[in-house]
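To start, the structure itself, in structure tokens.
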Amino acid sequence: MQIDVRHASHPEAVRNFDTETLRRHFLVETIFEGGEIRLTYSHYDRMVIGGVTPLTSALTLTAPTAIGQETFLAERELGALNIGGAGRIFVDGTSYDLAKYDCLYAGKGAKDIRFESADAANPAKFYLVSTPAHQAHPTVLLTREKARHLTPGEAATANKRSIYQFIHPDVCQSCQLTLGFTMIEPGSVWNTMPAHTHDRRMEAYLYFDLEAEQRVFHFMGEPQQTRHMLVANEQAVISPPWSIHSGAGTKNYSFIWAMAGDNKSFTDMDHIAIADLR
């Protein structure tokens, strides 16, 4: 297991970041590595994001020093969404099979968490998001069919998309974690435009289903001090509560979004008119 710790940055400091510094603080370039668990610990709401890529043997989620507990979920909850080949997650001896686009929620107090791939030649890629938890909720397998499905956007504004809400109050109980993914339809490129912030919650994005030669221009920063990063397939972005989070791809793509903070209200947003962005 590898874990990287990212500290919080004041928005006034971020105004002076050059490209390299911006990427070092907010972009996670390597999420998935064969046969490894790779984690990033953010001090924004103490969210942990990462990837698990089992090959020929199972990988066990243990508690690194940054977690400060004997077990990873002693005081945390976990969402795991598979974007690779078929795989299996064991939670305290119970196994759950996950196809691509399936999700598992594991609650506070689960002790033994292991990950397997059905085929090492086409391994599972489990994207993990974990947040502090104050109450234990049951482990739930959430297939794509069980997700709450929304289809907002229009072709005319190049933002036609499908949203799948997995860890969401209308689908699965959690303490503070919300998680799902969005698929941008062919011919559309924008996500989250018009933009918004939500100072009550931080957010993290994982961009995926993007060809190797394509990129997403991810926009962040204060609404009147916007910055951008070029993001490749299976790279993640940490979005502070004070920052916008929006993207435009050179082709359509998908992304996993996850939030943590004071509420779990998906619609609690401070909207920003396009004309007010700078």
Side-chain angles (χ1 to χ4, degrees), residues 1-11 13-14 17 20-33 35-54 59-81 83 89 91 103-115 125-135 167 174-179 198-208 218 220 229 231 234-243 245 255-262 264:
M1 177 189 292
Q2 298 185 38
I3 187 166
D4 180 35
V5 177
R6 304 284 182 97
H7 290 276
S9 300
H10 195 282
V14 175
F17 284 4
E20 181 181 353
T21 306
L22 196 71
R23 292 172 71 89
R24 178 162 49 85
H25 280 269
F26 299 109
L27 181 66
V28 184
E29 294 192 74
T30 304
I31 293 286
F32 300 105
E33 190 70 46
E36 292 186 10
I37 298 176
R38 300 180 69 102
L39 303 175
T40 298
Y41 184 111
S42 171
H43 278 268
Y44 291 113
D45 289 301
R46 299 194 178 272
M47 178 183 280
V48 176
I49 64 173
V52 183
T53 316
L59 296 174
T60 300
L61 184 63
T62 57
T65 301
I67 299 298
Q69 299 285 348
E70 290 187 8
T71 59
F72 193 92
L73 295 185
E75 298 291 341
R76 285 182 163 269
E77 58 188 351
L78 175 74
L81 202 156
I83 64 167
I89 302 177
V91 180
C103 179
L104 184 80
Y105 171 82
K108 172 183 180 290
K111 293 181 172 61
D112 181 24
I113 314 292
R114 290 181 291 124
F115 303 86
K125 292 181 177 180
F126 299 107
Y127 178 64
L128 307 186
V129 183
S130 176
T131 53
H134 61 275
Q135 181 179 353
I167 303 174
S174 66
C175 290
Q176 64 167 317
L177 176 64
T178 56
L179 181 148
H198 32 67
D199 202 46
R200 279 74 61 191
R201 303 186 307 279
M202 64 84 67
E203 189 160 0
Y205 275 18
L206 174 77
Y207 289 102
F208 69 104
H218 180 88
M220 63 166 296
M229 295 184 292
V231 182
E234 297 180 355
Q235 293 183 340
V237 176
I238 297 167
S239 182
W242 47 263
S243 175
H245 36 277
F255 67 98
I256 299 172
W257 45 265
M259 293 179 281
D262 280 329
K264 298 183 289 183

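No side-chain heavy atom of D4 sits under 4.5 Å from any side-chain heavy atom of L39. Residues I67 and E75 have side chains not in contact (no heavy-atom distance under 4.5 Å, counting atoms from C-beta outward). Between R201 and P241 the shortest side-chain heavy-atom distance does not fall below 4.5 Å. Taking 4.5 Å as the limit, every side-chain heavy atom of V129 sits out of range of all side-chain heavy atoms of L78. Looking at heavy atoms from C-beta onward, T40 lies in side-chain contact with I238 at the 4.5 angstrom threshold. R38 is not listed as a side-chain neighbour of V28, based on a closest heavy-atom distance of 4.5 Å or more. Side-chain contact check for T60 versus I113: every heavy-atom pair is 4.5 Å or farther apart. Considering only heavy atoms from C-beta on, L73 comes within 4.5 Å of S130 through its side chain.
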Worked check of side-chain contact (heavy atoms from CB on, under 4.5 Å) between R76 and K108
CA-CA 5 Å; R76 285 182 163 269; K108 172 183 180 290; over 6 Å; no
Apply side-chain contact (heavy atoms from CB on, under 4.5 Å) to residues I49 and Y127 and explain how you reach the verdict.
CA-CA 7 Å; I49 64 173; Y127 178 64; 3.6 Å; yes
Test side-chain contact (heavy atoms from CB on, under 4.5 Å) on M202 and S42; report intermediate values, then the result.
CA-CA 10 Å; M202 64 84 67; S42 171; 4.3 Å; yes
Using side-chain contact (heavy atoms from CB on, under 4.5 Å), reason through F208 and F32 one step at a time and then give a plain yes or no.
CA-CA 11 Å; F208 69 104; F32 300 105; over 6 Å; no
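In terms of heavy-atom proximity, A260 sits nearest to D45 at O-OD2, 3.2 Å. Between H43 and A8, the shortest heavy-atom contact is CB-N, 4.0 Å. Closest heavy-atom contact between F72 and T62: CD1-O, 3.4 Å. Shortest non-hydrogen contact noted between Y44 and S9 is OH-N, 2.8 Å.
Checking side-chain atoms of K264 against main-chain N and O of S174 turns up a donor-acceptor pair under 3.5 Å. Between the side chain of E77 and the backbone N or O of L177, at least one donor-acceptor pair lies under 3.5 Å. Checked by atom type and distance alone, the side chain of E234 never pairs as donor or acceptor with a backbone atom of T30 at under 3.5 Å.
One finds the CD1 atom of I83 at 5.0 Å from the CG atom of L206 (value rounded to the nearest 0.5 Å). Taken to the nearest 0.5 Å, the OH atom of Y205 stands 9.5 Å off from the CH2 atom of W257. Between atom CE of residue M220 and atom CZ of residue F17 there is a gap of 8.5 Å, rounded to the nearest 0.5 Å.
With L104 as reference, I89 is the one residue of I167, L128, I89, L81 to meet the side chain to side chain contact (heavy atoms under 4.5 Å, CB included) rule.
In this model, no donor atom of one side chain and acceptor atom of the other lie less than 3.5 Å apart for Y41 and R6. Between the side chains of Q176 and H134, no donor N or O sits under 3.5 Å from an acceptor N or O.
Not counting sequence neighbours, the partners of L59 by the side chain to side chain contact (heavy atoms under 4.5 Å, CB included) test are I37, V52, P54.
A salt bridge links R23 to E29: at least one charged side-chain nitrogen sits closer than 4.0 Å to a carboxylate oxygen.
Aromatic ring orientation, Y207 versus H218: perpendicular (interplanar angle above 60°, classes split at 30° and 60°).
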